[in-house]
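Some notes on the structure that comes next.
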Amino acid sequence: GQALARRHVGLALARGGIAETQGGWWCAEDVDRLVVLVSPDRREQVLVTLREQPKSRGLTISDASRTLASLAIAGLRLDRLLIALRIISPHDDLRVLPPYSAVAIGARRAHLLLQSDYRALLITDTRHADQVWRAAEVAGRPVGLSVIGLEALRRFAIFETVNSRRTVCL
């Protein structure tokens, strides 16, 4: 997996490390397991590209799009939701987590991809996606979590981009 990451993102990823490139997220679940998350419209292109790569010994490339679901969470109160879900403590900053980490959501296991301070994906088995979503929704009600559509999510991404450009570090 590391050689594949080096070829496509230009660096090796430590366990829990991430890189964003070519419209996708490259996530090192472990030293020998790399998860690549892409939008559905890029899926086939990325699969073809990866399958055409020279194979390292023991490397397997598989499409998990039918067995995994990703649930987007966006908003200025992402950290409060992670506290409510008991992923981080009330005294911690969300940056105590690796950018890609295994988490428990209720009785289910998921992976959390922290895309920014205000955006994250919960990746879970499709068989448990509704339970993970319900647990996140219930935990999020007190912090103002609500269900939004894709268009609102796109607008939030634009808002986040505009605001990040206004940030000045001295």
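Just so it is clear, the structure is predicted and the values come from calculations on it, not from any experiment. Numbering starts at 1 and runs along the sequence shown.
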Worksheet item: Is Arg108 salt-bridged to Asp125, cutoff N-O under 4.0 Å?
Response: no
Worksheet item: Leu122 and Leu112: side-chain contact (heavy atoms from CB on, under 4.5 Å), yes or no, with the steps?
Response: CA-CA 5 Å; Leu122 284 171; Leu112 176 69; 3.8 Å; yes
Fill in: From CD1 (Ile18) to CH2 (Trp26), nearest 0.5 Å
13.5 Å
Donor-acceptor pairs are to be reported for all side-chain atoms of residues 66-84 against protein atoms at under 3.5 Å, with residues two or more places apart or in another chain.
unit_1	atom_1	unit_2	atom_2	d
Thr67	OG1	Ala64	O	3.2
Arg77	NH1	Val143	O	2.4

Discussion item. With heavy-atom distances below 4.5 Å as the criterion, would you say the side chains of Cys27 and His111 are in contact?
Written reply: no
Fill in: Nearest-0.5 Å distance, CZ of residue Arg109 to CD1 of residue Ile123
11.5 Å
Practice prompt. Quick one: list whatever passes side chain to side chain contact (heavy atoms under 4.5 Å, CB included) with Arg141, sequence neighbours left out.
Written response: Glu137, Val138
Discussion item. Looking at every non-hydrogen atom in both residues, tell me the closest pair between Arg43 and Val38 and how far apart they are.
Written reply: CA-CG2, 3.7 Å
Practice prompt. Please report the closest heavy-atom contact between Leu114 and Ala120, naming both atoms and the distance.
Written response: CD2-CB, 4.1 Å
Worksheet item: Can you tell me how far the CZ atom of Arg51 sits from the CD1 atom of Ile61, to the nearest 0.5 Å?
Response: 7.5 Å
Under 3.5 Å donor-acceptor pairs involving side-chain atoms of residues 93-107, not counting sequence neighbours:
unit_1	atom_1	unit_2	atom_2	d
Asp93	OD2	Arg95	N	2.8
Arg95	NE	Asp117	OD1	3.4
Arg95	NH2	Asp117	OD1	3.0
Arg95	NH2	Asp117	OD2	2.3

Worksheet item: Run the side-chain contact (heavy atoms from CB on, under 4.5 Å) check on Val36 and Trp25 step by step: do they pass?
Response: CA-CA 6 Å; Val36 183; Trp25 290 90; over 6 Å; no
Practice prompt. Answer yes or no: is there a side-chain heavy-atom contact under 4.5 Å between Val35 and Leu37?
Written response: yes
Item to complete: Work out which heavy atom in Thr124 is nearest to a heavy atom in Ala110; give both atom names and the distance.
Response: CB-CB, 4.0 Å
